[in-house]
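Presented below is the structure to which this report refers.
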Amino acid sequence: MKATIVSLALALVAQVASAQSDVPPRRKGALLAWLKAGTYHGSYAAEPAVHVSSSGVHGMNVRTYYAPILADDLRAGRTVFRKGAAMVKELYLGGTEQTIGWAVMSKVRRRSGRAGRGWLFYETLDGTNRGVSFGRGLPVCTGCHRSGVDYLRSDFRP
């Protein structure tokens, strides 16, 4: 009996830890380390391949990965995503083989708000935190993203 309880407790802890690793960290340093480790590759749904960016603001070539919560919300047809919804866009700039930077958006509040402050945005064009765009509701990000479904502009659906 005691072994069963311990096994269940360990399984629950592992499940919670796994779910937490699906959500991008909210601090710049931890987020960059998480991105460089490729942590999202294990559980995020990926676009089929690197492709030309639809807007060009993230460089010429990109590939986007969708967190499990966002993928589930998209499959369910939700137009307001749940807290924890996130995506990672790998930036290849002019190439197609080497990731040069990342753009991340992560829903940190239940409601996005008119200015998009429910979303945390991050973008590094050189794989460092020097000159990074980072913050909730960043106008440089929300200016384009507000035209999307709950700030998500991609047409890809996992």
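Remember, predicted model here, so these are calculated numbers, not experimental data.
- Counting only distance, with no hydrogens or angles, the side chain of Arg157 and the backbone of Ser154 share a donor-acceptor pair below 3.5 Å.
- Criterion: ILVMFWY side-chain heavy atoms under 4.5 Å apart, direct or through other members. Under it, Phe156 and Leu74 are part of a common hydrophobic cluster.
- Between Thr128 and Thr124, the closest heavy-atom pair is O-OG1, 2.6 Å.
- No donor-acceptor pair closer than 3.5 Å links the side chain of Tyr66 to the backbone N or O of Asp72.
- A donor-acceptor distance shorter than 3.5 angstrom exists from the side chain of Asn61 to the backbone of Gly95, with no hydrogens or angles considered.
- Rounding to the nearest 0.5 Å places OH of Tyr92 at 3.5 Å from OG1 of Thr99.
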Check your understanding: Step by step, would you call Leu32 with Trp102 a side-chain contact (heavy atoms from CB on, under 4.5 Å)?
Key -> CA-CA 9 Å; Leu32 183 59; Trp102 296 271; 4.0 Å; yes

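- Between the Lys36 side chain and the Gly127 main chain, a donor and an acceptor come within less than 3.5 Å of each other.
- Residues Leu138 and Val104 fall into different hydrophobic clusters, defined by Ile, Leu, Val, Met, Phe, Trp and Tyr side chains chained together at heavy-atom separations under 4.5 Å.
- Looking only at side-chain heavy atoms (C-beta outward), Leu152 and Phe81 come within less than 4.5 Å of each other.
- Within 6.0 Å of atom CZ in Arg82, more than 12 heavy atoms from other residues, nucleotides or ligands are found, so the atom counts as buried in its surroundings.
- Transitive grouping of hydrophobic side chains (ILVMFWY, heavy atoms separated by less than 4.5 Å) brings Leu120 and Trp34 into a common cluster.
- The number of heavy atoms from other shown groups lying within 6.0 Å of CZ (Arg78) is above 12.
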Review point. When you look at Tyr122 and Val88, which way does the side-chain contact (heavy atoms from CB on, under 4.5 Å) test go after all the steps?
Key: CA-CA 9 Å; Tyr122 173 93; Val88 173; over 6 Å; no

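- Checked by atom type, the side-chain pair Ser112/Asp150 shows a donor-acceptor distance below 3.5 Å.
- Looking at heavy atoms from C-beta onward, Arg136 lies out of side-chain contact with Phe121 at the 4.5 angstrom threshold.
- Here NE2 of His58 is found 7.0 Å from CG of Leu91. Values are rounded to the nearest 0.5 Å.
- Side-chain contact between Lys107 and Ile69: absent, with no pair of heavy atoms (C-beta onward) separated by less than 4.5 Å.
- Taking each heavy atom of Ala46 and Arg63 in turn, the nearest pair found is CB-NH2, 3.7 Å.
- Around CZ of Arg111, the count of heavy atoms belonging to other residues, nucleotides or ligands within 6.0 Å does not exceed 12.
- Here the closest heavy-atom approach between residue Leu70 and residue Ala86 is recorded as CD2-O, 3.3 Å.
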Exercise for review: May I have the step-by-step check of side-chain contact (heavy atoms from CB on, under 4.5 Å) for Leu93 and Met60, ending in yes or no?
Suggested key: CA-CA 5 Å; Leu93 303 182; Met60 181 183 288; over 6 Å; no

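- Judged purely by atom type and a 3.5 angstrom limit, Thr142 has no side-chain atom pairing as donor or acceptor with the backbone of His145.
- Smallest separation of non-hydrogen atoms from Ala45 and Ala71: CB-CB, 4.5 Å.
- Both Tyr40 and Phe134 are assigned to one and the same hydrophobic cluster, defined by single-linkage of ILVMFWY side chains at heavy-atom distances under 4.5 Å.
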Exercise for review: Please report the C-alpha distance between Glu90 and His41 in whole Å, then the side-chain angles of each, then the deciding distance to 0.1 Å, and finally whether the side-chain contact (heavy atoms from CB on, under 4.5 Å) criterion is met.
Suggested key: CA-CA 11 Å; Glu90 293 179 339; His41 286 139; 2.8 Å; yes

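- Residues Cys141 and Tyr151 have side chains not in contact (no heavy-atom distance under 4.5 Å, counting atoms from C-beta outward).
- Between the side chain of Arg153 and the backbone N or O of Ser147, no donor-acceptor pair lies under 3.5 Å.
- The two residues Ala85 and Trp119 come nearest to each other via the heavy atoms O-CZ3, 3.7 Å.
- The shortest side-chain heavy-atom distance between Lys83 and Val108 does not fall under the 4.5 Å cut-off.
- Tracing side-chain contacts under 4.5 Å through hydrophobic residues (I, L, V, M, F, W, Y), one reaches Met105 starting from Val140; they form part of the same cluster.
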